[in-house]
Amino acid sequence: MLVVILTAEKRSARTCVDQRSMFLEGELTLLRDDIVALLAAALRKAQKKGDLPKFDPPAVAVEHPKDASFGDYSSNVAMQSARLARMAPVKIAAAILRHLPQVDYLAGAEVVHPGFINIHLNESWLARQVAVVRRAGPTWGNLDKGQGRRVQVEYVSANPTGPLHFGGARNAVLGDTLANLLAAAGYRVQREYYVNDAGLQIRKFGESLLARYAQALGRDVPLPEEGYHGAYLQEWAAELVRADGEHYLQMPRAEAITALTEWGVQRTLRDMERDLGQLGVRFDRWFSEKSLYEDGAFGEVMNILRGRGLLREKDGAVWFTATALGGSKDEVIIRSNGTPGYFASDIAYHYDKFVRRGFDWVIDVWAVDHQGHVPRMKTALQALEIDPARLTVVLYDLVKLLRNGKEVKLSKRAGDMVTLAEVVSEVGKDAVRFMLLTRSNEATIDFDLALAVQESSENPVYYVQYAYARIASIFRKAAENGWQIDVEADLSLLVHPAELRLVRRLLMLPEVIDLTVARLQPHHLTYYARDLAAEFHQFYRDCQVLDRQNEALSQSRLQLAAAAKEVLGRVLALMGMNAPERM
RNA sequence: GCCCCCGUAGCUCAAUGGACAGAGCGCCUGACUUCGAAUCAGUAGGUUGCAGGUUCGAGUCCUGCCGGGGGCGCCA
């Protein structure tokens with residue numbers, strides 16, 4: 001292993017101060033990005049001074065090495081440059097290091113075969129960051145990535161035709177957590193539920209409810225073809241009979257369907273809001289599909305499409321000629337029976353989002369079985385002269401619900417369903433959220449109910465919450481024993497490896513938030529939470545916090561523990577979970 | 001038939017093209033007279049579905065197979 005000790009070039013003191021102040025002031029800059037900038041500048045300077053040949057340098061990337069002995073950050077830029085520079089990576093790396101400025105947060109850097117540049121943070125600087133985290137408090141981790149841009153996150157949006165089944169829980173948790181993370185990253189976030197209160201399914205729902213209602217009154221009426229078979233409709237029908245008797249059978253059928261549909265939708269939404277609330281999921285707005293037809297959005301969109309020559313009549317239906325814009329096939333917008341299809345609503349809805357409400361960015365959270373709809377939607381945006389890049393569809397795979405290894409089908413129409421509310425009350429909100437959040441979006445989740453209940457006491461979420469409660473307990477103990485907490489504690493006393501590992505982990509939160517937002521993959525947050533808790537538990541084992549024999553060190557450790565509590569609490573909040581003072 | 005996703009330890013899953021592929025659960029062994037043992041430390045467990053290719057370097061990218069799921073509707 002070849003090691004080159006960093007020989008720092010003289011840089012003006014001013015530069016050093018500038019570098020340091022960025023972090024001490026808790027500004028929204030990522031340490032990682034700063035190191036990237038330092039390396040890029042050093043590379044350019046090496047070229048300018050003739051230590052490296054002229055070539056167009058690759059983008060500098062740094063990562064946290066898996067092996068801590070390789071430092072806090074490492075970069076492969078020298079290896080990436082080898083071909084371009086026609087030089088050995090190790091030599092390139094050494095040249096870059098010769099021009100790396102001395103910065104207060106860096107302890108040094110080294111070149112390691114086959115050409116990694118490994119960077120070590122200054123440990124006394126690290127210890128001082130405890131104060132930075134403490135000062136930032138609940139805002140620690142916030143970024144200015146969004147720069148106040150308005151983003152809408154639309155999630156759940158299940159048809160309002162009955163209780164939310166458990167499959168919808170994944171959508172809810174994903175969307176809610178993404179919204180939390182986007183807000184932390186500096187976006188102005190609006191959370192929306194799209195209520196499909198128009199169209200064919202809703203009509204089937206109304207007809208089914210009417211049939212159940214009539215049955216409850218002793219009439220021999222069958223459910224409609226492909227109607228809703230769930231037992232909940234029988235319960236609701238009984239409710240209606242108790243409240244209104246034969247009222248709905250005494251009016252014309254069409255009128256009764258309209259009235260019962262309206263009643264059923266309201267009933268459903270009330271339950272959904274309650275059940276989602278139990279899961280910690282809330283919305284800023286419940287947007288009615290029907291309103292798109294009532295307030296003219298749909299008409300405007302049709303005019304635009306017609307004006308651009310993108311509508312054509314065929315077989316009695318109105319088609320959107322997506323193929324004219326490069327789409328794979330044309331799509332029916334208005335059926336031959338004169339009713340608009342779901343695609344018509346979706347175009348109008350997105351027109352409303354982008355044009356009428358002016359969101360800079362729209363994120364739709366869809367289950368993977370809607371994947372085929374993504375290119376259609378993008379083409380539709382193109383047709384409306386909206387940049388399709390402003391729409392991101394987050395697709396997630398399905399949840400396969402099992403009970404003792406046997407699959408339970410989740411179908412509202414078939415009626416064999418496990419509801420979100422049941423699972424939340426059986427397993428617990430925090431455990432459900434954690435389990436659903438831990439998997440990457442593309443992974444199918446096998447969720448065994450029996451296993452989930454049984455494992456919930458072993459669930460990682462309790463591991464994280466326990467760390468939080470443990471810290472709370474330290475502070476209770478401190479108060480009982482008359483400790484006066486010193487906010488100005490001497491942080492330079494924090495030199496133990498377990499202390500510094502914990503500090504390092506605290507400092508990673510901004511990067512984790514950045515990662516989850518850049519990739520729209522909140523599952524990274526759960527792994528961070530676990531790692532952070534583990535780091536604390538190890539610190540707790542190795543470092544007695546309250547020690548009358550060493551009060552100065554105790555004060556420093558209390559500050560570190562307070563910072564850890566703050567960050568753990570923040571992470572739990574971002575994931576939508578409770579941070580218990582005791583458990 | 002065409003398109004998309006997945007295949008990693010017994011199970012459930014991680015791993016921005018990097019260094020020796022990691023956690024949790026489960027199994028086994030230790031640690032509570034000291035701030036909470038819902039914890040910690042350690043052991044065992046792998047041909048990353050298969051075969052090629054690109055690359056200094058592949059679980060990751062490309063091609064072809066095998067297996068699982070999803071999509072290709074005047075349903076949403």
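So that the names make sense, note that chain A is the first sequence line, chain B the second, and so on, each numbered from 1.
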Margin query: Both A:E581 and A:A317 contact RNA chain B. Taking the nearest nucleotide for each, which residue is further toward the 5' end?
Written below: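 Per heavy-atom nearest nucleotide, the more 5' residue is A:E581.
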
Notebook entry, point to check: Hey, which of these two, A:Q80 or A:A198, hits RNA chain B nearer its 5' end, going by closest nucleotide?
Noted result: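 Closest to the 5' end, via its nearest nucleotide, is A:Q80.
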
Item checked: Check against ring pair (Phe, Tyr, Trp, His ring centres under 6.0 Å), A:F116 and A:F70 -> CA-CA 9 Å; A:F116 289 105; A:F70 290 146; 7.3 Å; no

Please list each protein N or O that sits under 3.5 Å from an N or O in nucleotides 8-12 of chain B, with the distance.
{"residue": "B:rU12", "atom": "O2'", "partner": "A:R439", "partner atom": "NH2", "Å": "2.2"}

Notebook entry, point to check: Does B:rA76 have OP1 or OP2 sitting under 4.0 Å from an N or O in the side chain of A:R335?
Noted result: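 So the side-chain polar atoms of A:R335 do come within 4.0 Å of the phosphate oxygens OP1 or OP2 of B:rA76, strictly under.
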
Note to self: For B:rA19 and A:K66 - does any side-chain N or O of the residue sit under 4.0 Å from the phosphate oxygens OP1/OP2?
What the structure shows: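 Checking A:K66 against B:rA19: at least one side-chain N or O falls below 4.0 Å of OP1 or OP2.
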
In whole Å, what separates the [atom1] atom of [N] from that of [M]?
| N | M | atom1 | result |
| --- | --- | --- | --- |
| B:rA9 | B:rU47 | P | 9 Å |
| B:rG64 | B:rC2 | P | 10 Å |
| B:rG17 | B:rU60 | P | 12 Å |
| B:rA38 | B:rG46 | C1' | 31 Å |
| B:rA21 | B:rU48 | P | 10 Å |
| B:rG52 | B:rA14 | P | 28 Å |
| B:rC25 | B:rG57 | C1' | 34 Å |

Separation of atom [atom1] in [X] from atom [atom2] in [N], rounded to whole Å:
| X | N | atom1 | atom2 | answer |
| --- | --- | --- | --- | --- |
| A:E442 | B:rC13 | CD | C1' | 13 Å |
| A:R582 | B:rG36 | CZ | C1' | 11 Å |
| A:I202 | B:rA76 | CD1 | C1' | 11 Å |
| A:L395 | B:rC6 | CG | C1' | 14 Å |
| A:N550 | B:rC35 | CG | P | 18 Å |
| A:F343 | B:rG73 | CZ | P | 13 Å |

Tell me if the side-chain of [X] makes a donor-acceptor pair with the base of [N], cut-off 3.5 Å, by modelled atom types.
| X | N | answer |
| --- | --- | --- |
| A:D369 | B:rG71 | no |
| A:Q371 | B:rG70 | yes |
| A:N118 | B:rA19 | yes |
| A:S440 | B:rA14 | no |

Hey, is [X] close enough to [Y] for a salt bridge, meaning N to O under 4.0 Å?
| X | Y | result |
| --- | --- | --- |
| A:R203 | A:E207 | yes |
| A:D514 | A:R32 | yes |
| A:D346 | A:K353 | no |

Note to self: Is the terminal nitrogen or CZ of A:R470 (NZ for Lys, CZ for Arg) located under 6.0 angstrom from the six-membered ring centre of A:Y540 and within 45° of that ring's axis?
What the structure shows: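 Yes, a cation-pi geometry.
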
Check: Distance under 6.0 Å and angle within 45° of the ring axis: does A:R530 meet both against A:Y463?
Finding: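 Judged by the rule, A:R530 and A:Y463 form a cation-pi pair.
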
Margin query: Can a donor-acceptor pair be found, under 3.5 Å and without considering hydrogens, that links the side chain of A:T516 to the backbone of A:I513?
Written below: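 Looks like yes, one N/O pair under 3.5 Å.
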
Check: In terms of ring plane angle, is the pair A:W366 and A:H370 parallel, tilted or perpendicular, where the classes change at 30° and 60°?
Finding: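 Rings of A:W366 and A:H370: tilted, as their planes differ by 30° to 60°.
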
Note to self: Which label fits A:F343 and A:H373: parallel for a plane angle under 30°, tilted from 30 to 60°, or perpendicular past 60°?
What the structure shows: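 Taking A:H373 first and then A:F343, their aromatic rings stand perpendicular (interplane angle over 60°).
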
Next item on the list: Please examine the side chains of A:Y194 and A:Y349, heavy atoms only from C-beta on, and report whether any two atoms are closer than 4.5 Å.
Entry: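 Of all side-chain heavy-atom pairs linking A:Y194 with A:Y349, at least one is under 4.5 Å.
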
Notebook entry, point to check: B:rC6: syn or anti, with syn meaning chi within 90° of zero?
Noted result: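 Anti conformation here, the glycosidic angle of B:rC6 being more than 90° from 0.
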
Expected rows: protein N/O vs nucleotides 39-42 of chain B N/O, under 3.5 Å:
{"residue": "B:rU39", "atom": "O2'", "partner": "A:R470", "partner atom": "NH1", "Å": "3.1"}
{"residue": "B:rC40", "atom": "OP1", "partner": "A:Y463", "partner atom": "OH", "Å": "2.3"}
{"residue": "B:rC40", "atom": "O3'", "partner": "A:R541", "partner atom": "NH1", "Å": "2.8"}
{"residue": "B:rC40", "atom": "O2'", "partner": "A:R541", "partner atom": "NH1", "Å": "2.8"}
{"residue": "B:rA41", "atom": "OP1", "partner": "A:Q538", "partner atom": "NE2", "Å": "3.3"}
{"residue": "B:rA41", "atom": "OP1", "partner": "A:R541", "partner atom": "NH1", "Å": "3.4"}
{"residue": "B:rA41", "atom": "O5'", "partner": "A:R541", "partner atom": "NH1", "Å": "3.4"}

Next item on the list: Counting heavy atoms from C-beta on, name the nucleotide in B:rA15, B:rU55, B:rG70 closest to the side chain of A:V368.
Entry: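 Output: B:rG70.
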
